[in-house]
Amino acid sequence: MSFFHPLIPLVCCALGAAIAAAHGLTPINRLVPTRIYGWVVAAFPMAAFISLVGMADQLFQGQMKAIVFQQPWIPGLATDEGSGISFSIYLDGLSILFALLITGIGVLVTVYTGYYFSGTKTAWRFATYMCLFMVSMLGVVVAGDLILLFVFWEATSITSFLLIGYKGESEAARRGAFKSLFITGGGGIALLVGLLMISMITGTFSLGEVLTQGDVIQASPLYPWLLALVVLGCITKSAQVPFHTWLPDGMTAPTPASAYLHSATMVKAGIYLLARLHPSLGDSDLWFWSLTSIGAVTMVTGAWLGVRQTDLKALLAYSTVSQLGALVMLIGQKADIAFKALAVGILAHALYKSALFMLAGIVDHETGTRDLRKLGGLRAKMPRTAIVAMVAGLSMAGLPPMFGFLAKETMLAMVAHPSLPDVLVFLLSSAAVVAGALIFCQAAILVLGTFFGSSRDQETFDHAHDAPWGMLLAPLLPALLSLLIIIPVSTWPVELLGAAAQSVYGEKVKIDLSLWHGLNTALLLSIIAVSIGTTLFLARRRFIALQHRLDPGPVCNALYRGSILGIDGSSWLVTRVQNGYLRMYLLIMFVGLGIMVLVAGLPPLPTRLPPLRLDDGWVLVRVVAIALATAAAVSTVLLKRDLYAILALGASGLAVAVLFLLIPAPDVALVMIVVDILMLVILVLALVRFPKPQREGADELDYQETWLGKWRDGLVSAGVGLATALAMLFVLVTRPDPAGLGEIAWERESRVTDFFFAAAKPLTGAADVVGAILIDFRATDTYLEIMVFALAGAGVYTLLRFASPAAGDDATDAAPADLQANRGPGASFWPVAESPLTRLLALLILPLSLMLALAHVLFGHDQPGDGFTAGVVASLAVAFWYIILGYEGVHRTLPWLRPMNFVGGGLSLGIVVAIMGAIFNQNAFSPVNFALMLGITTPYGISLSTGLMFEVAIFLAVLGGATLVIDTLGHPRDRDTESDRQATLLPVLEARGDVTSPLEDEDEDDSHAASVARED
Amino acid sequence: MIVQTWSQHVVALPVAFPLAGCALTALVFRRNRRWQGLTAVAFMALGLISSTLLLGDVLISGEPRVFHLGGWPAPFGIALAGDLLGATMAFMCQIVLLGGVVYGVGCRDKCAQFPTFFPFFLALAAGLTGSMLTTDIFNLFVFAEVVVIAGTVLTAISDDRKGTEAAFKYFYISQFAAMALLVACGTLYAAYGTLNMADLARLIEQTPYHPLLPFAMVLLLVSFMIKSAVMPFHFWQPDFHTAAPTPVHAVLSSVVVKLGIYGFMRMTTLLFIEPEAKALIENTLIVCGCAGVIFGGLGAAGTYDAKRMLAYSTLGQLGFILVAVGWGTPLAMAAAIIFAFNHSLAKAAMLMLAGAVASRAPVKTAAFDRIVGLGRLRPVAGILFLFGGMALAGLPPTNGFISKLAVLQSGVEAGQWLPLAVLAAASIITLVYVARAFQTIWLKPIPEGVEPKPYGDQLLAPFALVAGCLALGLYAQPLVELAILNSQWMLESRQEYIDAVIGTMSEAQDRIQELSP
């Protein structure tokens, strides 16, 4: 056997999926009808089946326990012991049994699908999903790695979701699909955690090794938890009470999917996994009691609920639930006969149930309905179908000589096993008998109600006709097998079932397939069950009426609905928190910050105040500046008129600038002053654009706040402010000044200051340390800062000139020509008295300020002031021109003023500076002195260097950014339309009680969420 | 100045290319959108190439690449350092950023036609990449400001009328974050006299009980929490991300929010390794992460708009990463990296797909009731959305499963049962909203009377991203290994990072001697 042999089945099925998908290609789709294509695709699972038969033979002959294949997959995600996740295959008796069922029934279902969708051009999608499911399901049963198993496990959930929701137009199909995904997916998460726990305890992901470490796992304190999680995963998948509700709802899938996934294979994944892990998790009391109780309850519930169904598929679905319950119960047992019953039961159920499902599909297909109330007497119209149905129905009813009889007998023998406590024998026997009787009744209703008696709906009856042989072949084969498997033509079935039971039980289990075991308890119980079942069938009308009377309502469905409603309800609550009020957001954030600061530890109170210098003769100025800064800052909050508040803000800034000047920090003071003025100008210009009522409306808001709200907000702000102030105070007094520190002696000497002072002149040639820091040492910061500045300007420009609904002005750098229509040439935009004097002033100021800017750019490196100041000063003058001359006036007289080009040019020049450094010094952003390089002496201390270039770049970017803002604010068309729009919006905003409207629509449409949550 | 080799410049290239692209597209091609778009794509692609080179270089040499800008050695100048974490993060960001630019070129939004769209986008890219490569905390602040201003503008100009308001809120709250970060910078500088993170790390280790340190730490933490939209500092995020134009939303919600995650990793593994402080950060992350997981999941399940759903979903998914960072074990840190990487790809792809569907709606919107069944017009997008959704919900065979697996595994290993239970429960909620969205958009029939637009956004970028999701799901080992190397680097090679950036103590002294005139 070659190394890759174990992969063949998986590869075959995957190829099948690819071939099925190929039918979606138009030429193939036209050429080959769906019916024929079904046969083509079926060849691939057939190949898989044959290769599996070969492997099974080897397994039976050879002495090895399992066929193993192993390749590392994600070795990185390893356990402590270093064993990683691998792509491995573990094929033993149990796997082979399941794999044969999956591929075998897969072949039949694929052929059947072709007939079922005969004439439908888009069926390739369905066939592809089916083949993908086949790969996943096969993967589940052959995977030799816990995580790989889980991967395939989830893949079956997803393909099942797609198949159930195949008819997506139908509401029921979507709901069924969602429900199945929710329940099986939820169980999947639990399973994953459970499997991870197992791998942590055993130190391996390999299934083969996990199976040998049962005692280690069961000794772990985590055992109850991991058992619960794994069992939860399995019982959701295998539709055990109370999670069974997805299975009947999943019947909205096209019948081939129901026959394949929801009877024969996927729902048995849980059974498989429980059986698979039995050697390592099983045999404990917890295992016994949990599985026995869940299984027994499910067995009875499914049987009970199935009888009253009127839909053929729903009836079959409930009987499937019941059978799965029986299997789970069997896995829980400790005696060897249970595992014989398990193996026989799995095979028997898969055979007859898939046959019956496909028959139900045929009936549906050929009569147009599967409602039992409309069917009846079809024997006459569909004789072939009726015969096959009777054979399969006999097996379901558990009558001899069918395989189903054997399965039931073995199970009955188990529940009456002497190893069980007496009480349990009684309970389980009664449960099994009741379930057996009900299933018998179901089988009778199903077969007799459909094919015998008289027709209940003439139209349906007339419409009916028998199925083509090809379609009938699919149910015929499993039905015949249920009949023939007990005839001892070969030891093969016995060996297969024996091997399967052995891998679950761990020791050899004796299997014999003879029907007659003598007159024993099991036979007795069986006879009782059949007689009760017959009685029930004969009195079915009254019995079903009784059932309806006893019905407690959809209890388990309520569980599902409850959790969905819970999710939706809490979702609703959660989205309420996101209410759109910035005030509240900030409040929560500040409180959160406060709590975190308190938890982490507040900075200690400083032991002394920072010294106020009194000896330099500037005391009065300093005191006045501090007072002014404080008073102005407070006024910004208290002042009601926005214009005054802005002016106060400006005053506060200027006062701070004075303080900086006295430190002395002339660079900072200079920047502070120009930026302060620019900010004032922009704010005031922006204010002009707001319509008056809106500005007053904003004031009104202040009064609408309750006194409680005011106090709350005030306290929080004060708290945050105070904490910050304290921290800053501490920062101030712990400046290098050891005397003021008392005993605290931290190393606080700045590591960098000394270096800057010492190195500025010799290394960068800058006489001004601040200039050296800005242009050289931290040039990147400077570049990014001007970028932020320029981008902010470009942002205002883009927002108002392009994105504003009124803008409609798509021309970049709008040409003044197209504005002539709106306003007379030269008309001043802002209502400022235009006089010869103001014009003269404007004409004078611009050249002056440009000269000032030039000086700053040229000497910025050595003197206070730099390109930034230069840019702001120049843009202030430009702003003045806008005010005096108006938008068109400026554009006419200053054609060189292209702010976007300045921005782009400035930013590009900055990059060029960096590149220069790289070219000449092999150090991007390093200073290059061209004058020195070329041997030129420059006059007046002007340096011809990258420093100068960088200053120019800063100047351009800042001028561009600031001018963009002013230009945008001055654009006449914007102003009018913008104001109009806002004026119309105002009443709406006022009605909401806030200028910032909440984004979350109050009447948001929850209909979608609700529609999925609603249940029948 | 110190002498540096050309290969050291590689560190600067991932930042330099988008920066240059931003400057250039702002200067030329403003009226020719096609050329502007292609230039942007070209520069972004160059950025991605260089960050790939950087990552490869770091992986091969096993040590960080450090570039002292202008030749001024840290801590005097600003140094960019491509250590394994930074390089990985930059690489991750640039993959998605390139996807975003490509999507922007094929995007039919009005705002994507504006002449300043691409400059802003590239500025965002440069800012984000720079934040992850810089070693200077003030430089980080400035890079983050570039991200904020670019993000604000890009959202404010969105076709969505709510964009301006959302941008205003974001800007306001970001100023709070900026203030916190700035005060933190100031406080740290006052306490330790340096702004370089490597230098700070060494000094903090020497004197870990400075009275100002807890204050600075909390401010730093809060500013990163705002950046990554961590509960309860997340309020800006759902509104802001929903209103952003699709290509911008795709990068905002996937990689820009990872800036804070990066910050947390630096905090717990570089700056604050003293057990008490570290525990405080980690516990905060776990608690806030769990809250975010629940809040984001429920919010996503309860909202009415596909893009908003995905925005909320980001809150939830970030929670997973936060919890993993909070656990802090080697496996958990690796899981955090894996999760961050995979989430970036999947979330960006999902948003692009949602946006592409929305672009077919008669009036552009992603509200569920307006895009019912519109996916039927684009079955390919449906397949992509399905896989992307699976990645988001953590289902195999996508990369999302690998992330979820890694996080849960690290949780099991760490024995953190309560957070683990929260994460597991939240995974189910993820399943709920993804499945609902898929059914609404792709399975439901188109209501009568709806006339979709004949064209929509191009699907190239989401196609590539989903292909990446699948590839990393089927063959996860390379990413897992990269993440494990990252985790080892973070947890074990702290000193190497410090030495690489500022040199050993004596080297630093020598450097000062050598430079001082």
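Note on naming: letters A, B, ... go to the chains in the order of the sequence lines (proteins, then strands), and numbering restarts at 1 for each one. Everything numeric here is computed off the predicted structure, so don't read it as measured data.
Distance check, rounded to the nearest 0.5 Å: CZ of B:F295 to CG of A:L573 gives 10.5 Å. A distance of 9.0 Å separates CD of B:E413 from OG of A:S199, quoted to the nearest 0.5 Å.
Contact between A:N923 and B:G71 at its shortest, heavy atoms only, is ND2-CA, 3.6 Å. The minimum heavy-atom distance between A:A177 and B:Q439, with the atom names listed, is CB-NE2, 3.7 Å. Contact detail for A:Q922 and B:H9: the closest heavy-atom pair is O-CE1, 3.1 Å.
Listed options B:M390, B:Q409, B:Q8 were ranked by heavy-atom pairs under 4.5 angstrom with chain A; first place goes to B:Q409.
By the 30° and 60° cut-offs, the orientation of the rings of B:F235 relative to A:Y585 is parallel. By the 30° and 60° cut-offs, the orientation of the rings of B:F438 relative to A:F161 is tilted.
Only the side chain of B:D136 comes within contact range of chain A, with heavy atoms under 4.5 Å apart. Using a 4.5 Å cut-off between heavy atoms, A:L181 touches chain B through backbone and side chain atoms alike.
B:I157 places none of its side-chain heavy atoms less than 4.5 Å from the side chain of A:F802.
Under the rule for a side-chain contact (heavy atoms from CB on, under 4.5 Å), the partners of A:I915 that lie at least two apart in sequence or sit in another chain are A:I911, A:I919. Partners of A:L229 under the side-chain contact (heavy atoms from CB on, under 4.5 Å) rule, at least two apart in sequence or in another chain, are A:A190, A:V193, A:M197.
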